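Here the structure comes first, spelled out in structure tokens, and everything after it is commentary.
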Amino acid sequence: MSREQWRELAHEVLRKSGVDAASPEEALATATYDGITLAPLYDAADLPAGPGLPPSAGREPGRPWEVRQRHETADPEAVMTDLENGADSLWLAVAPEDLPRVLDGVLLDLISIVLDAGPRTGQAAEALLALAGDRAGALRGCLGADPLGHAARSGAAPDLSGLGPLARLCADRLPGMRAITVDATSYHEAGASDAEELGCSIATGLAYLRALTEDGIAAGEAFGLLEFRYAATADQFATIAKLRAARLLWARVAEVCDAPPAQYQHAVTSAAMMTRRDPYTNMLRTTLACFAAGVGGAEAVTVRPFDAALGLPDDFSRRIARNTSTLLVEEAHVARTFDPAGGSWYVERRTADLAERAWAWFQEIETAGGMTAARGLVADRLAATRARRARDLARLRPPIVGVSRYPDPAGSPPARAHAPRQAEGALPRVRHAQDFEDLRDLADDARPRVFLATLGPAGEHAARLAFARGLFEAGGVETVTGTPGDFAASGAAVACLCAGDRRYAAEAADAAALLRQAGARWIWLAGRDRHDGVDANLYAGCDVLGVLRTTLSEVTA
């Protein structure tokens, strides 16, 4: 089928659906937060004219990614369990003095180790050296120095003066270790779009290169001392394109610096997409994200346990996290092919468009003086994107399964031990489900109830009744159903009319008057038409969070 044939067929379907648009492409296209238009159909004409990925992009064919488990507490038993059951890399966010206990009995030369000690990176590096002894030359991984990332999370002023000594330490005594992590997940968790996350990472990487070369480190050597950390989400094509675009961007920086174009990537399943309510759905999100990270070519992947938003993970959730990578590598064979998305008209176009937007944002940061000087610019830009995303999520674009769509009304989060508190910093850490879950927490205490008042036979009101019930349940609001005459006995203070448009035209005003007389403080109507006596409407695309907040306010008044 040609594009013209598809266009004719699609136009006819849209016409019958009442959609008026200049073309099917216009009617069916969607836009990302970076202003990239995602078309409904791609063909060879959409392939970008520019060069593809550099030859060194991604893992070697057939080589699996490192299964990198994160540890935030000094738990040697959990560390050993991970290593004995599929993990081959440790990401240790523990105090330097805890490293001897955490790594007791670990064969350090058989795994990779990534430190995450913030301003105490130098102390952690010395502790690791002492543990390794004469095996230090065989160590692999990264010391994890990231002063700009730490500043983004903590609000402290960044200090890049310690990067040179760490680089020389790697050169002299830890030749298999990288010194620096460019952690872009702090920007992702603060609400950044994909291009904003990428642009911040490239600007940060360049700031570190400047610091290293000013300290006497050769440019070619400096490039090999960096690894990049990106968030992987359940939007698999967005993640694949982001990791591919990151390599294109860094290859351009390497070209200018006359250095090798390779970029070592560590992908971490997004903390922003994780939910506290119905947390088992996170297993599906992290599986999609891990798959996308593997297809995108990440050298190391960390799958967050499904209960990570609740606190410290338990043994079961850690096992599921490990096995997600293991299954994708050993059963689905995702790691066998080099750049398996390469050549896809859609992926290649999306990669090129994303790289273009990210490069433009990177240039804005550089024009503002680089990543250190542009912290205010970055914070403002991320805040704007965060606000746009919040408005969309409030309208279920997209819905969050288990939270804002198809919630479990009777479910409550499993109990977990509290994780170490994150420092209050300049950039917030947000989760997409947070606002809805906060309302559920309030509802757990208030036990709110809404009366769904149906008009006419079930065939007329069933669809709107189901819609209204699901909407209120997303906020933890109990619903009871009956005719308007049953309201007084329901114990509710808020009502919602549910019927078809014709029935509304004939009966909505009288039904609203009856509900008000029976004591209803607020009356919703499921549908867009306004009728006398109705306070407000709820419908597909409305501000669901606003509806729920108003309802809870009226119930608890």
Side-chain angles (χ1 to χ4, degrees), residues 13-21 27-28 30 277-278 281 392-411 436 439-440 443 448-487 490 492-516 518 520 522-552 554-555:
V13 171
L14 290 168
R15 184 189 64 79
K16 292 179 179 178
S17 302
V19 178
D20 183 20
L28 299 173
T30 57
R277 295 281 175 166
D278 205 356
T281 57
D392 286 343
L393 289 168
R395 289 163 173 78
L396 309 191
R397 297 196 296 257
I400 302 172
V401 175
V403 179
S404 65
R405 178 72 61 81
Y406 310 121
D408 179 3
F436 282 96
L439 284 176
R440 285 290 301 272
R449 176 179 294 181
V450 167
F451 183 80
L452 303 181
T454 60
L455 304 178
E460 293 183 15
H461 64 242
R464 280 176 169 156
L465 176 67
F467 169 77
R469 179 182 290 117
L471 185 152
F472 287 116
E473 287 178 348
V477 178
E478 179 188 358
T479 59
V480 292
T481 305
T483 65
D486 299 324
F487 176 80
S490 69
V494 174
C496 178
L497 288 169
C498 301
D501 290 340
R502 291 183 181 178
R503 184 72 59 175
Y504 282 148
E507 302 180 18
D510 290 340
L514 180 60
L515 290 168
R516 192 76 69 184
W522 188 273
I523 300 174
W524 296 102
L525 183 140
R528 292 179 178 270
D529 293 342
R530 300 305 303 269
H531 295 278
D532 291 343
V534 171
D535 292 299
N537 298 62
L538 50 92
Y539 47 85
C542 72
D543 182 354
V544 174
L545 277 174
V547 171
L548 294 172
R549 285 169 178 150
T550 298
T551 300
L552 285 171
E554 292 297 329
V555 168

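Only this structure's heavy atoms are used, side chains among them; waters, hydrogens and symmetry mates stay out. Predicted model only: the values in this text are computed from it and were never measured.
Of all the heavy atoms in Val534 and Arg530, the pair that sits closest is O-NH2, 3.7 Å. Of all heavy-atom pairs spanning Leu452 and Ala468, the tightest one is CD2-CB, 4.1 Å. When all heavy atoms of Ala511 and Pro484 are compared, the pair lying nearest together is CB-CG, 4.0 Å. The two atoms that bring Asp529 and Asn537 nearest to each other are O-ND2, 2.7 Å, heavy atoms only. Between Pro409 and Pro407 the shortest heavy-atom distance is CD-O, 3.2 Å. Pairing each heavy atom of Pro457 with each of Arg503, the nearest pair is CD-NH2, 3.5 Å.
Note on ring orientation: taking the six-membered ring where Trp is involved, the planes of Tyr504 and His531 are tilted (angle from 30° to 60°).
Considering only heavy atoms from C-beta on, Leu548 comes within 4.5 Å of Phe436 through its side chain. Contact of the Ser404 side chain with the Arg277 side chain is not registered, since no non-hydrogen atoms from C-beta on lie closer than 4.5 Å. Put simply, the side chain of Leu14 reaches to within 4.5 Å of the side chain of Leu28, judged on heavy atoms. A 4.5 Å side-chain heavy-atom check between Glu554 and Val450 finds every atom pair outside the cut-off.
Within the 3.5 Å criterion, the main-chain N or O of Ser490 finds a donor-acceptor partner in the side chain of Arg449. In this structure, Asp510 contributes its side chain and Glu507 its backbone to no donor-acceptor pair below 3.5 Å.
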- Where do Cys498 and Thr481 land on the side chain to side chain contact (heavy atoms under 4.5 Å, CB included) test, with the steps shown first? CA-CA 10 Å; Cys498 301; Thr481 305; over 6 Å; no

- Message: Quick one, Cys496 with Leu538, criterion side chain to side chain contact (heavy atoms under 4.5 Å, CB included). Give me CA distance, side-chain angles, the key distance, then yes/no.
- Response: CA-CA 9 Å; Cys496 178; Leu538 50 92; 4.0 Å; yes

- Query: Where do Arg464 and Leu455 land on the side chain to side chain contact (heavy atoms under 4.5 Å, CB included) test, with the steps shown first?
  - Reply: CA-CA 11 Å; Arg464 280 176 169 156; Leu455 304 178; over 6 Å; no

- Working for side chain to side chain contact (heavy atoms under 4.5 Å, CB included), residues Val477 and Val555: CA-CA 10 Å; Val477 178; Val555 168; 5.9 Å; no

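Atoms CG and CZ, from Asp278 and Arg440 in turn, are 9.0 Å apart once rounded to the nearest 0.5 Å. Between the CG atom in Leu393 and the CG atom in Leu545 there is a gap of 8.5 Å [rounded to 0.5 Å]. The CG atom of Asp535 sits 10.0 Å away from atom OG1 of Thr550, with the distance rounded to the nearest 0.5 Å. Separation of atoms OG1 (Thr479) and CG (Leu465) is listed at 7.5 Å; rounding is to 0.5 Å. Interatomic distance, Phe451 CZ to Ile523 CD1, rounded to the nearest 0.5 Å: 11.5 Å.
The existence of a salt bridge linking Arg549 and Asp543 is excluded, since no basic side-chain nitrogen approaches an acidic carboxylate oxygen closer than 4.0 Å.
In this structure, a donor-acceptor pair under 3.5 Å is present between the side chains of Thr551 and Trp524.
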